[in-house]
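Here's the structure, in structure tokens; my notes come after.
The analysis underlying the following values was restricted to heavy atoms, covering all of them including side chains, and did not include hydrogens, waters or symmetry mates.
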Amino acid sequence: MSKIADVVEAAVITAVDVTNFLTASPSSVEAFKTANLLKGLGVNAIILGERGTGKLTLARYILPHAPIIDASRFDELLDAIESHSDVIIHRLDNVANLKRLIETIQKTHTRVIATGGGRYSQDQLDEIFTIRLALPPLSERQEDVTVLVDAFIKEARETLGKSESFDLEGFVPDLSENAISLRRQVYLHYLFDSINENDLMEIMEHYLEEKLGSNNDYRAFLHLYEVPLIRAGIKRFKSQLQLAERLGLNRNTLRKKIADHSDYNLETKEH
């Protein structure tokens, strides 16, 4: 979001923090209103959406004391339904036997709030759930993005013991996994600021230990050094000529390396 630095403060003023479910966009406000209705209605509901959109947070708000069971742990899930009056089913898409799950819920009359990504048809879901609530991805909830960035900055500073501010100029939120990737991006920003040479080599060692094994590993992993080096040089020196001189390379050699790593968009001025 190109103007995120300008709107964070205004968005924070209008946001409401509800057990970490932040409501700043119209769609999240409506979702929260529905969640409030569900707290009092006592009916089964499913919250649909991509990973990291806040489904589980909203489910916890509706049933704050209910056990949370991942649907992939099927036997544990059935036991929980039979022994509790309320249950949160996380990742319904992973359930091994939907028919048996439906039968168990109908037999026990356990109240269920589930989260899922939409694997099952409307007819299948209608057998269990009276209400379906959809949470759009963060790419469609830009007001929530600005609020979440601010929340994650505060969280990261407290967790990592950082006092320095977060420069939002030029910051492009990573929404590939919604709030999950966004939180990771903010934490990595603070970690990168304090990382030293030994930390960096340890990270590389850990990564490469699992990857090595072919007879061409040196060339296969050379890009892990060359790509960030060229990227950093491009940012600092602005042109291929300046960068080649600073790196002690022939300009044709640098140009070939940039071409070799074309998948990583290492374009810059020739002069």
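Taking 4.0 Å as the cut-off between side-chain N and carboxylate O, K154 and E158 do not count as a salt-bridged pair. Ion pairing between a basic and an acidic side chain is recognised when a charged N comes within 4.0 Å of a carboxylate O; K33 and E30 show such pairing. Ion pairing between a basic and an acidic side chain is recognised when a charged N comes within 4.0 Å of a carboxylate O; R251 and E245 show no such pairing. Between R184 and E177, at least one side-chain N (NZ, or NE/NH1/NH2) sits under 4.0 Å from a carboxylate O, which counts as a salt bridge.
Looking at heavy atoms from C-beta onward, I62 lies in side-chain contact with R111 at the 4.5 angstrom threshold.
Between the N250 side chain and the N252 main chain, a donor and an acceptor come within less than 3.5 Å of each other. Between the side chain of Q124 and the backbone N or O of L98 there is no donor-acceptor pair closer than 3.5 Å. Looking only at distances, a side-chain donor or acceptor of T110 sits under 3.5 Å from a matching main-chain atom of I81. For the pair T53 (side chain) and G49 (backbone), a donor-acceptor distance under 3.5 Å is absent.
Side-chain contact check for R219 and N216: no donor-acceptor pair (N or O, by modelled atom type) lies under 3.5 Å. For the residue pair T159/Y190, the side-chain donor-acceptor check at 3.5 Å is not satisfied. For D144 and S25, the side-chain atoms include at least one donor-acceptor pair closer than 3.5 Å. At a cut-off of 3.5 Å, with distance as the only test, no side-chain donor of D123 or S121 sits close to an acceptor on the other residue.
A ring pair (Phe, Tyr, Trp, His ring centres under 6.0 Å) with F166 is found for one member of F152, F192, F171 and no other, namely F171.
Atom-to-atom distance recorded for N196:CG and M201:CE is 8.5 Å, nearest 0.5 angstrom. A distance of 10.0 Å separates CG of N44 from CD1 of I131, quoted to the nearest 0.5 Å.
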May I have the list of side-chain donor-acceptor pairs in residues 206-213 shorter than 3.5 Å, sequence neighbours left out?
none

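Scanning both residues, L135 and R141, for their nearest heavy atoms gives CB-NH1, 4.3 Å.
When the shell of 6.0 Å around NZ of K39 is examined, it contains more than 12 heavy atoms from other residues, nucleotides or ligands.
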task: Determine, stepwise, if the pair V112 / F129 fulfils side-chain contact (heavy atoms from CB on, under 4.5 Å).
output: CA-CA 8 Å; V112 170; F129 305 109; 3.9 Å; yes
message: Please evaluate residues D86 and I113 with respect to the criterion side-chain contact (heavy atoms from CB on, under 4.5 Å), reporting the C-alpha separation (whole Å), side-chain torsions for both, the decisive distance (0.1 Å), and the verdict.
response: CA-CA 8 Å; D86 301 308; I113 301 295; over 6 Å; no
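By the rule that hydrophobic residues join a cluster once side-chain heavy atoms approach within less than 4.5 Å of another member, I128 and L125 end up as members of one cluster.
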